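Below, chains carry the letters A, B, ... as their sequence lines are ordered, and counting in each starts from 1. Keep in mind it's a predicted model, so treat the numbers as computed, not measured.
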4 protein chains.
Amino acid sequence: MKDGDEGTGQAARPKRADARRNEESLLDAAAAVFVASGVEAPVRDIAAKAGVGVGTIYRHFPTRADLITAVYQHQIDACAEAGPRLLETSATPHAALARWIDLFVDFLVTKHGLAAVLQSDSPGFETLHSSFLDRLVPVCSELLEAAAGAGEIHSDLGAYELMRGVGNLCIGAEGDSRYDARRLVALLIAGLRQPQS
Amino acid sequence: MKDGDEGTGQAARPKRADARRNEESLLDAAAAVFVASGVEAPVRDIAAKAGVGVGTIYRHFPTRADLITAVYQHQIDACAEAGPRLLETSATPHAALARWIDLFVDFLVTKHGLAAVLQSDSPGFETLHSSFLDRLVPVCSELLEAAAGAGEIHSDLGAYELMRGVGNLCIGAEGDSRYDARRLVALLIAGLRQPQS
Amino acid sequence: MKDGDEGTGQAARPKRADARRNEESLLDAAAAVFVASGVEAPVRDIAAKAGVGVGTIYRHFPTRADLITAVYQHQIDACAEAGPRLLETSATPHAALARWIDLFVDFLVTKHGLAAVLQSDSPGFETLHSSFLDRLVPVCSELLEAAAGAGEIHSDLGAYELMRGVGNLCIGAEGDSRYDARRLVALLIAGLRQPQS
Amino acid sequence: MKDGDEGTGQAARPKRADARRNEESLLDAAAAVFVASGVEAPVRDIAAKAGVGVGTIYRHFPTRADLITAVYQHQIDACAEAGPRLLETSATPHAALARWIDLFVDFLVTKHGLAAVLQSDSPGFETLHSSFLDRLVPVCSELLEAAAGAGEIHSDLGAYELMRGVGNLCIGAEGDSRYDARRLVALLIAGLRQPQS
DNA sequence: TATGAATGAGTATTCATTCAT
DNA sequence: GATGAATGAATACTCATTCAT
């Protein structure tokens with residue numbers, strides 16, 4: 001819709017296909033560099049990996065947050081979509097929540113530095129917050145409410161807070177063998193089950 | 001020894017007193033800048049705040065980690081010393097642990113960016129890790145073992161991992177009113193009480 | 001190849017021409033600054049003289065040695081190429097050697113500080129050594145061997161050693177009217193003629 | 001006089017002896033540091049080695065050249081005094097010259113960086129030049145004149161120029177096994193024997 | 001549209017030299 | 001006289017971002 005006349009079915013804009021292909025190869029390159037050097041990698045490295053000029057990066061993704069967002073959009077979407085499904089297929093809402101959080105952790109832990117940048121409050125990362133949190137918080141919220149509704153948890157913890165917490169626990173998890181983010185997240189979720197101390 | 005014998009009453013080295021005073025005002029300035037701009041603040045900013053040249057900073061604290069450590073040494077010590085005391089005065093070991101963790105959170109939450117830098121694995125922050133973790137992990141460990149010994153928790157979670165987790169939860173806590181690190185930490189500690197899922 | 005095919009007549013990459021022009025003005029500026037302040041002049045001075053930002057210097061010449069090398073490349077080449085020619089046109093190989101060394105001295109003496117940096121063994125000047133010595137030592141070697149073959153000199157002095165010696169004699173020659181590097185070099189070359197003492 | 005009652009024969013000024021001792025230990029320390037790190041070593045290193053404050057260095061030796069001069073004064077003197085003696089004891093003046101130059105080379109080659117600093121023309125090293133050249137040039141001059149008088153050399157090369165040349169040849173000699181300053185100096189001296197080309 | 005050259009602010013760090021104690 | 005703390009100029013280098021071609 002936003003993108004216009006796709007409903008017409010015709011060739012539309014050939015440029016368009018080109019640009020899209022270009023953008024995708026950009027995203028692939030960025031993803032690769034993110035894995036290798038973290039999401040704070042120099043713009044030029046990404047451009048070099050993609051075989052384009054830095055200007056092209058900036059054209060497509062004015063801010064770094066835009067780029068990060070785009071790179072992970074698919075996975076964000078997948079994560080968001082998994083929520084309702086897990087709610088249906090799991091034994092209890094709390095189990096669904098736990099499994100969904102697992103997905104989120106899987107997502108973050110493999111992305112070098114993503115969790116860290118996710119909690120940055122510097123302006124310009126608002127886009128990133130929007131993409132991540134605006135998209136996922138409602139899903140998480142639904143799961144939380146279901147669990148609360150089922151009496152499994154009685155916390156008044158908000159979804160935003162929970163996700164921030166989980167995100168934080170994932171910071172620096174990669175590369176430190178003495179630190180297992182999943183274990184801590186599991187404790188956190190377990191803690192939801194019983195009365196606050 | 002060289003200047004520790006102030007009990008003798010002699011002047012010893014007058015310089016020393018001067019330098020010490022200076023060092024303290026340096027620490028005050030650094031603390032202030034850390035609060036305002038985080039522990040990664042430019043050295044020059046700290047020097048300016050303290051009204052000294054950058055060289056003076058480097059003289060007293062060759063690395064940034066040395067400075068950070070010094071700034072927080074008192075609080076680290078206080079935290080470390082509180083452990084055994086809490087164990088004696090609390091109703092149960094788990095309660096002692098919870099209260100001790102509270103102290104640790106209090107400490108971190110008010111230090112802009114400290115938690116973040118605490119999990120940095122870049123070389124040069126080893127000193128920082130040493131000061132923080134080497135000092136506090138044993139205390140935390142003792143509390144954990146006491147609680148485990150009392151059968152209150154049965155986790156095999158190590159003290160290092162717990163502290164890292166708590167530290168992470170404190171990242172970015174200041175300044176985001178929607179995020180309450182204490183609440184999440186409380187959940188984590190609560191989670192310790194029951195069987196891992 | 002990418003831009004070497006200017007013979008085809010097409011525009012190829014217009015940028016390239018621009019950048020090349022820019023690079024040349026950079027070299028001019030650097031040469032001027034080298035004359036004025038020596039080859040160890042601050043990067044910023046060179047940038048200022050060229051009217052560009054420091055980044056531009058670094059883009060074109062990542063290390064100082066690269067810059068120095070580029071500045072003098074033409075003269076190095078000319079010197080290298082003169083060797084065989086002199087061998088053909090001179091009365092004797094020793095005469096050719098003497099005249100070639102003269103060229104080398106002419107080159108060095110007018111470059112403030114070049115001779116000094118040429119003997120630096122700090123890493124990062126390897127490029128410089130390569131450009132200078134790797135290029136010129138073989139030429140000098142050929143001349144030496146020819147002279148030895150003709151029975152004019154019987155020294156076992158190596159070309160590297162000779163060039164280092166000549167280079168050293170040129171250090172500080174400019175600006176001291178009491179010191180004439182050429183005269184000393186001539187003595188050295190003359191000394192090659194007779195038995196070592 | 002200025003120093004007071006030395007005429008009385010009593011203890012004179014104990015300070016004096018003290019200061020001299022102090023100055024000597026300073027020179028020892030400086031010599032050691034010069035060997036280890038070159039004559040351009042940081043002042044503070046020298047002070048540390050000597051176990052004194054930097055201020056003490058500056059009091060005794062306002063400029064670095066003063067310090068260098070003082071450190072090598074004994075050897076300069078020894079070198080200067082050797083000239084006339086060699087002239088008497090050697091077979092010919094040229095042989096005396098060659099041997100004297102050998103002494104000079106021995107001196108320089110073992111002093112990391114001394115030869116390099118010796119040719120510096122930055123103001124502030126005048127003292128150094130004075131100490132070295134003013135003292136040694138006359139000696140060298142005498143040797144040169146003797147050799148010229150004996151018809152062994154007919155060069156009009158001045159002593160200053162010769163010494164500068166020899167000094168230059170010694171630059172960077174230490175540490176480069178491919179470069180033997182003595183051999184080159186010998187060539188230079190040999191070159192003195194025959195007609196300039 | 002794409003390119004990538006140019007820019008220059010930002011930061012760390014060293015070290016000679018001064019001067020209050 | 002001795003000390004060494006303080007100073008700050010000097011310099012290298014990186015990298016995000018802009019803009020002419």
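The distance from atom CD of B/E23 to atom P of F/dA6 is 9 Å, rounded to the nearest whole Å. If you take CZ of A/F61 and P of E/dA2, they are 11 Å apart, rounded to a whole angstrom. Look at CD1 on A/I46: it is 15 Å from P on E/dT3, rounded to the nearest Å. When the C1' atom of F/dA16 is taken as reference, atom CG of A/D66 falls 15 Å away, rounded to whole Å. To the nearest angstrom, C1' of F/dC19 lies 17 Å from CD1 of A/I57. Atom CG of D/L67 is separated from atom P of E/dA16 by 12 Å (rounded to the nearest Å). A/R59 places its CZ atom 5 Å from the C1' atom of E/dT1, with the value rounded to the nearest Å.
The side-chain hydrogen bond (donor to acceptor under 3.5 Å, both in side chains) search around B/Q73 returns B/D77, not counting sequence neighbours.
What you find for D/T127 and D/T69 is that their closest heavy atoms are O-OG1, 3.9 Å. Listed here is the closest heavy atom pair of C/A115 and C/I171: CB-CG1, 3.6 Å.
Between atom CD of residue D/E23 and atom CG of residue D/L67 there is a gap of 9.5 Å, rounded to the nearest 0.5 Å.
For residues 51-72 of chain C, the pairs satisfying ring-ring contact (aromatic ring centres under 6.0 Å, His included) are C/Y72-C/F107, with sequence neighbours left out.
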Distance-only criterion, 3.5 Å: show the donor-acceptor pairs between side-chain atoms of residues 25-48 of chain A and protein atoms not counting sequence neighbours.
from: A/S25; atom 1: OG; to: A/N22; atom 2: O; distance (Å): 2.9

Pairing string, 5' to 3', for DNA chain F - Watson-Crick or wobble contacts under 3.5 Å, brackets [ ] where pairs cross, | to another strand: .||||||||||||||||||||
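At E/dT1, none of the side-chain N or O atoms of A/H60 fall inside 4.0 Å of OP1 or OP2 (strictly under the cut-off). Residue C/T56 places none of its side-chain N or O atoms closer than 4.0 Å to OP1 or OP2 of E/dA5.
A donor-acceptor contact under 3.5 angstrom links the side chains of A/D66 and A/T63, judged on distance only.
The backbone N or O of B/V52 lies less than 3.5 Å from no partner atom in the side chain of B/T56, so there is not a single donor-acceptor pair.
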Base versus backbone protein contacts along nucleotides 10-15 of chain F [heavy-atom cut-off under 4.0 Å; B, S, -]: -SBBB-
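Annotation: side chain of C/F125 is not in contact with side chain of C/L118 (no heavy-atom distance under 4.5 Å).
Within a heavy-atom distance below 4.0 Å of DNA chain F, no residue of residues 24-31 of chain C is found.
Nearest-nucleotide assignment on DNA chain E puts the 5′-proximal partner with C/N22, out of C/N22 and B/T63.
Heavy atoms of other residues, nucleotides or ligands lying less than 6.0 angstrom from NZ of C/K111 number more than 12.
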